[in-house]
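In what follows, chains carry the letters A, B, and so on, assigned in the order in which the sequence lines appear, proteins first and then strands, with residues in each chain numbered from 1. This structure is a prediction, so every number in the text was calculated from the model and none was measured.
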Amino acid sequence: MLQCIFLLSDSGEVMLEKQLTGHRVDRSICSWFWDQSLSQPDSFKVLPVIASPTHYLFHIVREGITFLACTQVEMPPLMGIEFLCRVADVLSDYLGGLNEDVIKDNFIIVYELLDEMIDNGFPLTTEPNILRDMIAPPSIVSKMLSVVTGNTSNVSDTLPGATSSSVPWRTTQLKHSNNDVYVNLIEEMDAIINSDGVLVKCEIFGVVEVNSHLSGIPDLTLSFANPSILNDVQFHPCVLFRPWESEKILSFVPPDGLFKLMSYRVKNLRNTPIYVKPQLSSESGTCRLSVMVGIRNDPGKAVDSLLVQFQLPRCVSSANLTANHGTVDILADKTCSWSIGRIPKDRAPQMSGTLVLEEGFEQLHVKPTFQVGFKIMGVALSGLKINKLDLKNLPTPVHKGFRAQTEGGKYEVRS
Amino acid sequence: MAPPAQSQRSPSPSQPSGKGEVSDLKMQLRQLAGSRAPGTDDSKRDLFKKVISYMTIGIDVSSVFSEMVMCSATSDIVLKKMCYLYVGNYAKYNPDLALLTINFLQRDCKDEDPMIRGLALRSLGSLRVPNLVEYLVGPLGAGLKDGNSYVRMVAAVGVLKLYHISVSTCLDADFPALLKHLMLNDPDSQVVANCLSALQEIWGVEASSSEEAAREREALISKPIIYYLLNRIKEFSEWAQCTVLELVSKYAPPDSNEIFDIMNLLEDRLQHANGAVVLATIKLFLQLTLSMTDVHQQVYERIKAPLLTLVSSGSPEQSYAVLSHLHLLVMRAPMLFASDYKHLYCQYNEPFYVKKLKLEMLTAVANESNTYEIVTELCEYAANVDIPIARESIRAVGKIALEQYDVNAIVDRLLQFLEMEKDYVTAETLVLVKDLLRKYPQWSHDCIAVIGNISSNNVQEPKAKAALIWMLGEYAQDMQDAPYALEGLIDDWEDETSPEVRLHLLTAVMKCFFRRPPETQKALGSALAAGLADMHQDVHDRALFYYRLLQHNISVANSVVNPPKQAVSVFADTQSSEIKDRIFDEFNSLSVVYQKPCYMFTDKEHQGPFAFSEELGNLAIGVDDQRVEANDEDLLLSTTRKEDSLSQQTQGALLVSLDHTEPAATHAQQTNSVIDDIFGLGLSSSPTPTPSPLLKLNAKAVLDPTTFQQKWRQLPVSTLQEGFLTSQGVAAMTTPDALVRHMQLHYIHCIASGGQAPNFKLFFFAQKADEPSNFLVECIINLSTSKAQIKIKVEDESASQAFAALFQAALSKFGMA
């Protein structure tokens, strides 16, 4: 049970404070926390769950905003963290992104949201659709309306129907003039290629996103051509478990708008679409580096937004790197980023050059790790295929759409 | 929002700093208060917003309280919300002014819009002014009966708020009973959930003083209520599901069919998108199957995939919380995760705390089949940019080597580390090589060849230097220049800051002297001279000791310094298995993240007034307090207790009385039994464990399992202690039956038993000879440690200590006959 939630800016200033119980938490805890995080070399390294002299603190950092929650009693840590993540998601959804200014400008809305999301330390509802019914987002449209009509309330007049309906994620009386539903497969590929060029680990983490604008209470079923490849799945609460258990069919009444229907994991993939081959050889204080990139297994669609990044080891004093395709940038924090974009058809992109080591270093002992980003539209590399989407309980014809894409997630190549 | 402004940070130029702005605001608010002109609401809104933004940045705006209240007569809901927020923040410190707000809040509680009714009720509860509770009772009562579920939901939490402001008002109005009714009958699941949370808290606190509340609290985990909640589980919000699952994990189903029913019902919760729900379900599954070994193992298999998905899917923060739990499970049953080692590989971008947990797990899951790949992976980290990680991974390689898998290849790897010529890598490796040699002296030949080439100038860290010196001394006969290397080190005696290194140097040069006397004599002389002049007491003493030893008899000195050594077989584990078990019992709590059981980091003060006792039967909190004091007295006598129990003592937490062993028994008895306890033997060494003359047991006691179950749930834990089995007892304990028959001779009857070597769990009962008063015992035996955890519940508290002693005595005689 949380006692207090603080929002801190990236300079440690308290932007917002929400006391939840009678046990008021003094905001001096924030300065304690901030000192603690400053004492760490990298603020990213502060443990998400720490104990202060008086409280146990949970925190998450999103876009430079720290969400800090305090408690004095034993509670499931994941519950605290998970809740803060939801708060961050909802706020970012409502305010169209997170930053110091947008929170300060809209702190009334933030208060209102927190008020509905948690009472006396018990999380209530974090379902965005229900919240949106209770508290209207500060959209430009509603601002315009308020100017025109003079009705300045951003709270809807009626109570959300869903709070009492049996389908808590959906309001009862929805009407859309155009009924449409889109299903997106969004996959991220995580891979580790070790210094011998061996693929030691490769797996895909995927999400089935649905964007639905349907009237009434529609009943949807989605099936896959090859559900057996899925290693583990997690569902939105709207998915019925039995049909999945018996026939691997997703049967659900969708929330309105965009939501994550399901997430899944496919492990032990044997192939990656591209190869990245770094080569380093050092000799008397300089190190020759070359990195080759190319298509290994043609995914059938263009590989886009290809980006290779790595951190120059601390003992490198200067670097001179050029590429035959794309641009190479070396940032102030010694991050070297080579953005390639789309792989050209006629030649394999290559980056090469020398790294000059600081005095006293003969050889480069610390080998950099190359992080690779890419994007392939139109393909789900796990091989997962949607078989069909059936809709019931709908009076009018519906437009259906499917899309797929794969991105590089934690894709790293060691040298 | 802390009203006193002292905690505010130095205001930036854009922030108002002084009183000027506040009094300006006051003026403007006053002007608007009576105005009914169109557009007033808009200007009010701007002003309110300003007031609240001041409040948010920490400026004290309590002086505009009365103006705010005057302006609160409005139909605009956002204005109302801002006003509620303001009032809720300052009412506690302005109780007189708060009275002004009661009026409009009460009026709003009767508004026709349920949203406003709910909000007003919530704010009314948040005023937290003790004088005003009487105004809260009416609206709360009405709120609980409101036609709209939103209002009922707010009212349920409101009751809890009222309880914390004024216990008597809340109980006098009979709100708990109303909540219970709502919980069992309300169609809205959120109302049910809020009632449940409120009741758990209220009865949890009340249970210590009122028997009725204690009964009610127990009733919450009775079959009908648990089933009622479980059947509706899918209607609850994800957060309420966590609450319900937590409650269910305290319920002990009487038979295995029920356990399977519950698990079948909840299996899909493992697929929930919310990690908190998944983890709560996992906890429940693990708890339910604790006594069913093979099913427990299947549960591990089942929960593996969801856990691994949670680890890789969420943000780093979520991933860390899940990893801590995965870490716990991996450490408990490493072999079950052996095939999933690839999931534990570190990614470049992961924060240190995540990598560290992963390294520990990788070390634990290593076995014959995967060692090669794991070690290959670990070696890659040794070249990592992140120095702490490089160190940790070298240590991990060493730990795996000590586990005896594929030592040959690993020794090669370690020796390659030495060739990397990075000082921290060399340092870590030296320490490891030393440990390896202590366990596997047969590798000395390979290692010495490489170690001999290392110049001590390149080793700076004391631990590494000490390791190197140890090896120089130990293998002086195999290393060509050992005496000269030592001599060089002794020449730099003055510059050596670490006493640990100097101590090792003394010993090494002694060892070396006995192996190669002519070459070392000079070095030994200067080392002893330097040692005798050393400022550090230990160094000085050791030098003096060696000096006198040499004077006394050279051959004795040799046998002291170079005794025949046995290879070390097992290195001591840092954390005791009891603590690990305790943490496991507290799965899905902070304990897991901190890797400490909760008594080590929570104390009573911080648990606050709404602390729940985790222990199921531990209702008698008042009694416990007395026992805590008794414990402290005992502590003075028994200083040999283990360190962790010491810390328990000092923490003085609720749990102390639960795991404290002897006190209940010893307190009543003569001091000689206390002395036995000092030796940590329980009562096992008492010559003739005299069953207290007060207590005679019924030889033909009967109790049917259902009654046992019921009583076990109702009764508080009277004694919790640790007993010890004799070695004969351990040998005789091939099946639980042997112990069952033995205890029967002492008129203690077994009602249920289970488990497989080395862990057994038995339930016993006994009855007084002259009256039908029962004693119930849970006894968990671990043969590998020859310890028994004994939990005793009694109907007649006065006889509890006598019975505890009797039980101990009977147990300790097991196997002797």
Chain B interface, residue from [options] that has the most non-hydrogen pairs under 4.5 Å:
options: A:R242, A:M262, A:E203; answer: A:E203
options: A:T126, A:V239, A:D190, A:L84; answer: A:T126
options: A:M15, A:K260, A:H236, A:R414; answer: A:R414
options: A:T125, A:I50, A:D115; answer: A:D115

Quick check on [X] against chain B: is it the side chain, the backbone, both or neither that has a heavy atom closer than 4.5 Å?
X: A:F205; answer: side chain
X: A:K267; answer: side chain
X: A:L261; answer: neither
X: A:S263; answer: neither
X: A:Y264; answer: neither
X: A:E82; answer: both
X: A:M79; answer: both

Work out which heavy atom in [X] is nearest to a heavy atom in [Y]; give both atom names and the distance.
X: A:I108; Y: B:M82; value: CD1-SD, 3.2 Å
X: B:W239; Y: A:L124; value: CD1-O, 3.5 Å
X: A:F107; Y: B:K49; value: CZ-O, 3.5 Å
X: A:R62; Y: B:E317; value: NH1-OE1, 3.4 Å
X: B:A321; Y: A:L78; value: CB-CD1, 3.7 Å

Inter-residue atom distance [X].[atom1] - [Y].[atom2], 0.5 Å rounding:
X: B:N194; Y: A:N120; atom1: CG; atom2: CG; value: 9.5 Å
X: B:L310; Y: A:D232; atom1: CG; atom2: CG; value: 8.0 Å
X: A:I60; Y: B:Y320; atom1: CD1; atom2: OH; value: 16.0 Å
X: A:Q234; Y: B:T309; atom1: CD; atom2: OG1; value: 6.0 Å

*With a cut-off of 6.0 Å (strictly less than), are more than 12 heavy atoms of other residues, nucleotides or ligands near NZ of A:K334?*
yes
*Atom group of B:Q347 that falls short of 4.5 Å from chain A, counting heavy atoms*: both
*Of the backbone (N, CA, C, O) and the side chain (C-beta and beyond), which part of B:Q318 lies under 4.5 Å from a heavy atom of chain A, both, or neither?*
both
_From CA spacing to verdict: side chain to side chain contact (heavy atoms under 4.5 Å, CB included), A:I192, B:Y348_ = CA-CA 9 Å; A:I192 299 177; B:Y348 176 74; over 6 Å; no
*Begin with the C-alpha distance, continue with both residues' side-chain angles, and end with the deciding distance and a verdict on side chain to side chain contact (heavy atoms under 4.5 Å, CB included) for B:E373 and A:N194.*
CA-CA 11 Å; B:E373 277 159 73; A:N194 76 4; over 6 Å; no
If you define the side chain from C-beta out and look only at heavy atoms, does anything of [X] sit under 4.5 Å from [Y]?
X: B:N89; Y: A:E17; answer: no
X: B:R122; Y: A:E116; answer: yes
X: A:P77; Y: B:H325; answer: yes

*asked:* Looking at B:E377 and A:K201, is there a salt bridge between them, counting it only when a charged N and a carboxylate O are closer than 4.0 Å?
replied: no
